[in-house]
Structure formats: C-alpha cells, structure tokens
There are 2 protein chains.
Amino acid sequence: MFSIVENVRSQCKYNGWMHISEVRERIVATADELYNAKGIQAVGMDELRTAAGVSLKKLYAEFPSKSSIVMAVLEHRHKSWTEGLDATVQQAGAPRERLLAIFDYLAGWFCQDSFRGCGFINSFAELGAISPDVAEYARQHKESFQEYVARLAGEAGAPGFLAPQLAILAEGAQTTAAIAGTSDAAGQARQAAEVLIDAALTAD
Amino acid sequence: MFSIVENVRSQCKYNGWMHISEVRERIVATADELYNAKGIQAVGMDELRTAAGVSLKKLYAEFPSKSSIVMAVLEHRHKSWTEGLDATVQQAGAPRERLLAIFDYLAGWFCQDSFRGCGFINSFAELGAISPDVAEYARQHKESFQEYVARLAGEAGAPGFLAPQLAILAEGAQTTAAIAGTSDAAGQARQAAEVLIDAALTAD
DNA sequence: ACAGGAAGAGAACGTACGTTCTCCGTTCAC
DNA sequence: GTGAACGGAGAACGTACGTTCTCTTCCTGT
C-alpha cells in the first residue's frame, strides 16, 4: 500500500515541461493544506483539482482514487513532521536539552496560523473507524514518534518509563493547543517534561 | 444554541405511551454510540433511524436537522463523561488520590471495547473546521475539564501550574490509547502524574 | 359507526461528490 | 501539411445522503 508512491515515482519521465513527480508533489502538498484546513471529507476532488491547478484527468492519472491521495498525504505529513522535529532536536546540545527541544518544536508549530491539531489524530478521528489503512498509518506514525523519544531518552541515560511519559505530554499538548486555540500547552508541557526528566534521571 | 434541548424538553407531554423526552434520549443515546463507533459523517439519518427504532417523521419532529442531533450528542457526552469522572473521583479519599483518580477513570474507559478516543477530540477533528458550533462546544468541554482539574489541584494545595500539566497528561493518554489501541497510556500517565503532583506539592 | 387526525413506512427530491467520459484544441512526428 | 496522440475543461453518471412528501393505517372522540 505504502509502496505505491515509490513505484510511480520511479517511473518518472519528462512530459514536456514538468517532471511527473513534481505534479504529484504539488497535488499532495495542496491536498495536505486543504485537508488540514477543512478536514478530509469536506474537501472534494474538484476543489483539490482547482487549488492544485491540475486537470481531473491528470489527477486520476497520478492517483487511482481519493483514498490513495489521503495515504500519500499521510506519508507527506509523516516525512515533514519527522524532519522538522529532528531538525529542531539536532540544534540542541546536551541529551536533556534534546528531549526538551521536542516541546520547542511543538511551540513553534502551535503558533502557525495553519495549525489545527495533529494531522494523524485528526485523520484517525475522521476516517480511522471506516478506513483500516488510515488507522494503521496513524498508529505507525505514533509508534515511530514513541521510538524516537525512546532513543533520545536512552541517549540521556533515562530509564525506560520516561519516554512514554514525554510522548503522552506531547500528544496532550497537541490536542489541547488545537482545541483551545492557544499555544500555552507547549510551555506547560515543557515544564512538566523538565520535572519528569529530572525525576527519572535522579531515580536511575 | 445549547438551550434548544432544554426548551424542547420543557414542552414534554404524553403522546399515548411514551414520554417525548424518552424518545429524544433514545435517539441521542443511539446517535452517540453510532457516531462514536463509525464517525459522525459516516452515519446517515437512515441508519440512525433504523438503529433507534424511530420513524423519520419522529426523528425530524424531535430534531430539526442532523447538526442539532450532533449538538445534543455532544451535550450527552459531556454530561456522562463529567458524571462518570466525578463519581470515580468522589470514591477517592485524600486530595492527592482524587487527582490520581482521574487516571483511574481513564484506565477503566480505555478498556471498554467501545472506546475509540475522546468524542470531543474526534468531533472537533471531524467537524471543527466547518462547524463553529462543534468547535466551540469541544472548546467549552475541555475548558470545563481544565477547571475541574484546577479545583481538585487547589483542594490538594498545589500551585496553579499543576492542573494544566495534569490535564495535558490526560488528553495525551486519551489520544495515545485510542490510536495505539491499548490501555497502557493510562498507567503511564498516572505514574507521570504522581511525579508532577509530588514535585508541585514539595515545591510549594 | 364515522369523521378526523396522528403516526409509520418508505418514496421522492435536491444536492454533493467520486469517478469516468466526451469533446475540442494543441502539439509533434513525418 | 497532415494525422495522430495528448491534455484540458467540464459534462455526465451513479451513488449516497439530508430532508420533505405521500399514502396508508390505525386510533380517538363523539
């Protein structure tokens, strides 16, 4: 299922003036924005077509169905979220600061006008019950985040129970910030994370 | 907007064999289950009508539109969630245990087969962008939870920063448990809450 | 008994949307 | 220059769904 994008991307060739993968990426980026802003089910193929500046024929030449676009958007979200988070984490120095950098990344994200909550939580809420693929992708994304935090926590020398605690804080900050419409939760979660990290490090 | 239910409820009268409010409550309870299990947009009025054993005419006699049913379901969810939480909290003794009882309530909830995440987070994700009423109701629900935790934290003598931290933990546990499909997050959040509570109480 | 009205079942209507098809203009190879 | 392939615009099709309408049945009050 997730290999479709790579298969098609490997068949890229010139079609006169634009690389096929660029059309795909423009469609996916546009769909990501629209789905984030209005919800997946609220955005029709015609609206996406207009916003992306692509003909319906090209849309369906690139993707066999709307659900395949949704899955491509989830891949896109996972990639940009993971890369953005890691970039912020890498800028921090000591292992303890790298754990806290997670919440700095959240703070910057929450302040963006386009922030409307975690796209995986949202897509899971909207489609998880009727689309096993969406539910499974959301689960994998969250699992990979858990593993990422666990790696950072391990590098800080923390016991195993710390990482799930910090991950839960991060998840809670995302939903709290989205629904409340403020970015306060990032700072509150960061302060809680400091307490949990210090307690875990001294207990070890 | 939120007073519609009360207005109609006050006009209750006998219609031969069943109180009108009982029909309303059956519709709302059925809608709550279906919306929770499959998502709001995935459940049509006909499916709701069949599941509730009510004619379409009666459905539209009780509610002017689907969106009014959604709002009634949100009121119903808020009431049962708040009452269930408070019942668990009241069973605990000391103020510190009452704060931790929040996570015991979550643990019991997560273990239910019907658990599919917080209904307010889900409805916000699904409809918040296109329905200001839904977004606002979700915000109010989360705000009331924040105030509830703040009251419990105040009774425990904790400083003001503790309550938002515990609320974020609770929110994160809900989404983590929903997407992961396990109930582990409740215990992990509870242990984190213990650390945060003790740190806040000794720092005070 | 009979007129009148309430209520159920489901047909009907309008709309939205995912997907496919058709038509027409453009381009490119020869 | 000409024909054939390609691509864009949007019409068309089938389906689903929210909402309303119609018909029939059954109960009620006198």
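A, B, ... follow the sequence lines: proteins, then strands. Residue 1 opens every chain. Remember, it's a predicted structure, so these values are computed and weren't measured experimentally.
A donor-acceptor pair shorter than 3.5 Å cannot be found between the side chains of Asn122(A) and Tyr35(A).
The closest donor-acceptor contact from the side chain of Asn36(B) to the backbone of Ser114(B) lies under 3.5 Å.
Contact check of residues 37-53 of chain B against DNA chain C (heavy atom, cut-off under 4.0 Å) returns no residues at all.
Comparing dT19(C), dT19(D), dA9(C) by their nearest atom to the side chain of Ser55(B) picks out dA9(C). For Leu56(B), whose side chain is taken as the heavy atoms from C-beta onward, the closest listed nucleotide among dG10(C), dA9(D), dG18(D) is dG10(C). Minimum atom distance to the side chain of Lys57(B) is reached by dA9(C), of the listed dA9(D), dT20(C), dA9(C).
Taking a cutoff of 4.0 Å between a charged side-chain nitrogen and a carboxylate oxygen, Glu143(B) and Arg139(B) qualify as a salt bridge.
Protein atom NZ of Lys58(B) is 17 Å distant from nucleotide atom P of dT20(D), rounded to whole Å. In this structure, the OH atom of Tyr60(A) is 7 Å from the P atom of dG18(C), given to the nearest Å. Across the protein-nucleic acid pair, Glu62(B) atom CD and dA7(C) atom P stand 10 Å apart, rounded to whole Å. Summarising the geometry, the separation between CG on Leu59(B) and P on dA9(C) is reported as 12 Å, rounded to the nearest angstrom.
Two rings, from Phe120(B) and Trp81(B), have their centers 6.0 Å or more apart.
Residues satisfying the salt bridge (Lys or Arg N to Asp or Glu O under 4.0 Å) test with Arg96(A), not counting sequence neighbours, are Glu194(A), Asp198(A).
Rounding to the nearest 0.5 angstrom, the gap separating the CZ atom in Arg98(B) from the CD atom in Glu155(B) is 5.0 Å.
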